[in-house]
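Here's the structure, in structure tokens; my notes come after.
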Amino acid sequence: MKCLNNRADSHLTGQVECELEAMDNGAWVNQGYCGSPPPLPRAVSTIYNPQPLFQDSMDSPSPFPEEPESAEQSLKKKRRGCCSFIKGLWGTTLTENTSNNRELFVRTTLRELLVYLVFLVDICLLTYGMTSSSTYYYTKAMTDLFVNTAGEYGVRFQSIGTMADFWSYAQGPLLDGLYWTKWYNNQSLDNGDVSFIYYENMLLGVPRMRQIKIKNNSCKVHKDFQDEIAGCFDVYNEKKEDDLNFGLINGTAWTYHTEKDIKGSSHWGLLTTYSGAGYYQDLSQTKEASSIILSELKDNLWLDRGTRVVFIDFSTYNANINMFCVIRLVIEFPATGGAISSYQIRTVKLIRYITYWDYFIFGCEIVFCLFILYYVVEEILELRIHKFSYFKSIWNILDIVVIMLAIVAIVFNIFRTVKVDNLLGKLLEQPGIYADFEFLAFWQTQYNNMNAVNLFFAWIKVFKYISFNKTMTQLSSTLGRCAKDILGFAIMFFIVFFAYAQLGYLLFGTEVDTFSTFVKCIFTQFRIILGDFDYNAIDRANRVLGPIYFVTYVFFVFFVLLNMFLAIINDTYSEVKEELSSQKDELQITDIIKQSYMKTFMKLKLKNEKISDVQKALRSGSGEIEFKDFRETLKEMGHPDHEISAAFSRFDCDGNQILDEDEQKRMKTELEEKRDALCAELNNLGMNYGKDLLEKPPVTLNDQMNHSSQAFVDQEQFLRLSRQVLHLESSVAGVTSRIELIMEKLGLQDKTKGNQTAGKLPVTKNDPDEPASDGSVLLCVDRGTRRPAARTDSTVDCRM
């Protein structure tokens, strides 16, 4: 029982905490059941945080002189320290050996998850910091003005069907929308030659009109019609572009320019993709001059049979929201005749750093770059360890994709900032030139798209870090297990699906817009599966085969194939869920949190008990307390000499090895304050946890003997044993405190009871270590000692 009194050395924070952290290769040496373990250093200091004044025997210098380290050994230590630092900073489940250590795997994964969540928050701030709700309204305002506004003859941009409609729109709604020089009451804006659309959006430079033509006789006319048809202009093809000057010849509108000359870019239209070359005409800064230019082009037949497309490009800037709006209006003139209109409005933020929020985003960009550098080093270390097997995991490939997209985004961000500054500087010097923001707007849009995809992958990557939980693995396990079945089913599904797509294209392609191309047929059939279709259009196109196509497609694809697809996934999910429910529970994050909670709780409890020991030592003395008495009292309670000396010397101001009343009062006051603080902290942690520990079933002697015969245990036994040790330590602490209370009460009656029983009862002198005659063991309670004694009829200081 002597070991029970040594609470300071046998408490949880000493042995059990070291045992929890001393796992090696999945094994654990249970020192709690291996006799008397060597004293282990406590992780928690006493309330006064002492610095040792007296070194114990274990701290004494070795009697054998140590050999000085060689230069090679010192270099090896430095390299080992550097490697340890890198391993600790970039330690992941792929760089650490976590195959046989579940706790290390969970802790490493949890650390990776926390770091990645910070990175995810940072990339979300960057992505959303570049957009605004004002972007949509800016785009809508420009769309309403240049696309939906009708002219004097009722012609809107979307209703352009002929070349005459084009000139009506260009000389009407287009000029009216581009040049705002007066208020609604005809009062002048006094902005000089600068136009402010909607009074807020500055027109940058001048607008530009550009057309692309096709050569005459680029196609063959049948010999029967050669006399009636003079020329033939084929559908657009870049090789058949007309590069000859025509019309008035003098001026850019009548002279061909290559894509390199005008620094143009190709455009993907509704019919085909057009090059950046052609014939262009820049308008003026005033409405009157621009009207004269358009009249000249119209009168001299700028558009003719060879024209295949006309582009109208201009840009605006709104300083209120720091947004650029780059607008391109496209009118395609197909070889069939007529006109097809389309438009492209890109609202982008090209000037980045103006407001405080912009500079906050700039700080997030710096943090983002640091994260990318961190993950680059991490992936290099993992690739160095696992070589080509690194690419077997889809998550590792996703890591590389995210990093590559992020690097491209960083490079473009720098390029965009420099390019915009140069372009704006040139525009300010020559305000009458065309402001070509099309190139920047295009790549800014691609940059935003790339960030959107990168953010999507970044969110999907969260599954990598939560896959250690069996509940979180249901999705990946289900998809992985049914992948082969889905692949086989997909072949059968798409055979039927594409057969119906070709059937629909051939039956309805000439009359129904949604079936006009094979690609449109594919998307139309997906829409039919979701219930979005126009049955009347199909019925009008073919009154016989239309209903047959629709009914058979819905039956085979929707009712049969789609339900087979869902049945494959549902059956696989049921199997996976059943297997996961039958699996043995492994160490989870909740267990790690509970262990940390338990350690913190017991550390605070140990501190509280040490304060109680010091207070008892102060109460045991009357008047002045000498160091010798103070030391002996605390040593009986299990405290080491250096902690006792540190505590005494801290309050012994005069250094006379005696605590007077003032010094004792100051010590008591500080102890009470710290005790109250610890009690409050214990309450915050929750006293219910301590109650749960005490309510757990006690450990039997047979269980202890079974455990003592095993030197190594597996993970499950380790967790169970650790819980039992916690319960034992809690119980021992409670029993010890009760014994001390009883000891104090009986101590006052020792002498009286001893005198009364000395002459009445015989005393048997037995060896204290020998058992009693009836086989029981008697526990003798004395001030500071607990030892087994032989059973006698005397009850002085002895209890069963």
Side-chain angles (χ1 to χ4, degrees), residues 142 146 170-171 174-181 189 191-198 200-212 245 247-267 274-297 302 309-319 322-330 343-351 415-444:
M142 292 299 160
F146 292 103
Q171 292 177 317
L174 179 62
L175 291 181
D176 294 338
L178 286 173
Y179 301 101
W180 292 57
T181 57
L189 288 176
N191 292 324
D193 293 337
V194 180
S195 173
F196 282 86
I197 302 173
Y198 282 124
E200 301 292 346
N201 307 287
M202 178 181 177
L203 179 63
L204 299 176
V206 296
R208 169 173 289 184
M209 297 177 64
R210 177 172 62 93
Q211 74 157 321
I212 300 178
N245 300 337
L248 300 180
I249 297 178
N250 56 343
T252 58
W254 315 97
T255 306
Y256 181 80
H257 299 82
T258 63
E259 184 174 326
K260 184 178 180 181
D261 294 337
I262 59 179
K263 299 179 180 179
S265 58
S266 60
H267 177 83
Y274 302 95
S275 70
Y279 308 85
Y280 74 90
Q281 175 64 57
D282 291 339
L283 301 183
S284 179
Q285 290 182 280
T286 62
K287 183 178 181 180
E288 293 75 12
S290 297
S291 179
I292 295 173
I293 294 174
L294 291 177
S295 298
E296 182 181 0
L297 294 177
W302 190 57
V309 66
V310 176
F311 300 97
I312 303 174
D313 297 308
F314 57 94
S315 304
T316 63
Y317 173 69
N318 190 308
N322 187 29
M323 288 287 181
F324 288 82
C325 189
V326 182
I327 303 173
R328 167 168 283 184
L329 305 176
V330 183
Y343 63 94
Q344 191 175 74
I345 299 179
R346 294 190 175 103
T347 303
V348 293
K349 186 175 183 179
L350 298 178
I351 302 177
F415 167 77
R416 184 266 322 281
T417 303
V418 175
K419 189 72 175 178
V420 170
D421 291 341
N422 295 335
L423 186 58
L424 289 178
K426 185 177 180 181
L427 184 63
L428 293 175
E429 294 176 359
Q430 299 175 330
I433 64 173
Y434 166 64
D436 187 9
F437 283 91
E438 177 63 28
F439 175 79
L440 283 177
F442 171 78
W443 285 108
Q444 178 65 34

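One-based numbering along the sequence shown.
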Would you compute the distance between atom [atom1] of [X] and atom [atom2] of [Y] and round it to the nearest 0.5 angstrom?
X	Y	atom1	atom2	value
Ile312	Leu283	CD1	CG	8.5 Å
Gln344	Ile327	CD	CD1	11.0 Å
Ile197	Met202	CD1	CE	11.0 Å
Ile351	Arg416	CD1	CZ	10.5 Å
Ile293	Gln171	CD1	CD	12.0 Å
Ile433	Gln285	CD1	CD	10.5 Å

Which pair of heavy atoms, one from [X] and one from [Y], lies closest together, and at what distance?
X	Y	value
Leu175	Ala170	CG-O, 3.3 Å
Asn318	Asn201	ND2-OD1, 2.8 Å
Leu178	Pro207	CD1-CG, 3.6 Å
Ala441	Val348	O-CG1, 4.3 Å
Glu259	Gly276	OE1-N, 3.1 Å
Lys263	Asp436	O-OD2, 3.4 Å

Next item on the list: Please test Arg210 against Val309 for side-chain contact (heavy atoms from CB on, under 4.5 Å), starting from the C-alpha separation and ending with a verdict.
Entry: CA-CA 8 Å; Arg210 177 172 62 93; Val309 66; over 6 Å; no

Margin query: Check the orientation of Phe439 and Phe415. Use parallel for under 30°, tilted for 30 to 60°, and perpendicular for over 60°.
Written below: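 The arrangement is perpendicular - the two ring planes meet at more than 60°.
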
pair [X]-[Y]: side-chain heavy atoms closer than 4.5 Å:
X	Y	value
Ile262	Tyr434	no
Val330	His267	yes
Tyr198	Thr316	no

Checking [X] side chain against [Y] main chain: does a donor-acceptor pair fall under 3.5 Å?
X	Y	result
Ser290	Ser284	yes
Gln211	Trp302	yes
Asp282	Val206	no
Thr255	Gly251	yes
Ser195	Leu203	no

Next item on the list: Might you confirm whether atom NZ of Lys349 has over 12 heavy atoms from other residues, nucleotides or ligands at distances under 6.0 Å?
Entry: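 Buried by this count: over 12 neighbours within 6.0 Å.
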
Check: Any chance CH2 of Trp254 has more than 12 other-residue heavy atoms, nucleotides or ligands included, within less than 6.0 Å?
Finding: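 Yes, enclosed.
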
Check: After noting the C-alpha distance and the side-chain angles of Thr347 and Met142, does the key distance pass the side-chain contact (heavy atoms from CB on, under 4.5 Å) rule?
Finding: CA-CA 10 Å; Thr347 303; Met142 292 299 160; over 6 Å; no

Note to self: Please report whether the ring centroid of Phe324 lies less than 6.0 Å from that of Phe437.
What the structure shows: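 Yes: the rings meet the under 6.0 Å criterion.
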
Margin query: Check for me whether Arg328 meets the cation-pi criterion with Phe311, that is, NZ or CZ under 6.0 Å from the six-membered ring centre and within 45 degrees of the ring axis.
Written below: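 Geometry flag: set, cation within 6.0 Å and 45°.
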
Notebook entry, point to check: Can you check side-chain contact (heavy atoms from CB on, under 4.5 Å) on Leu297 and Gln281, steps first, answer last?
Noted result: CA-CA 9 Å; Leu297 294 177; Gln281 175 64 57; 3.9 Å; yes

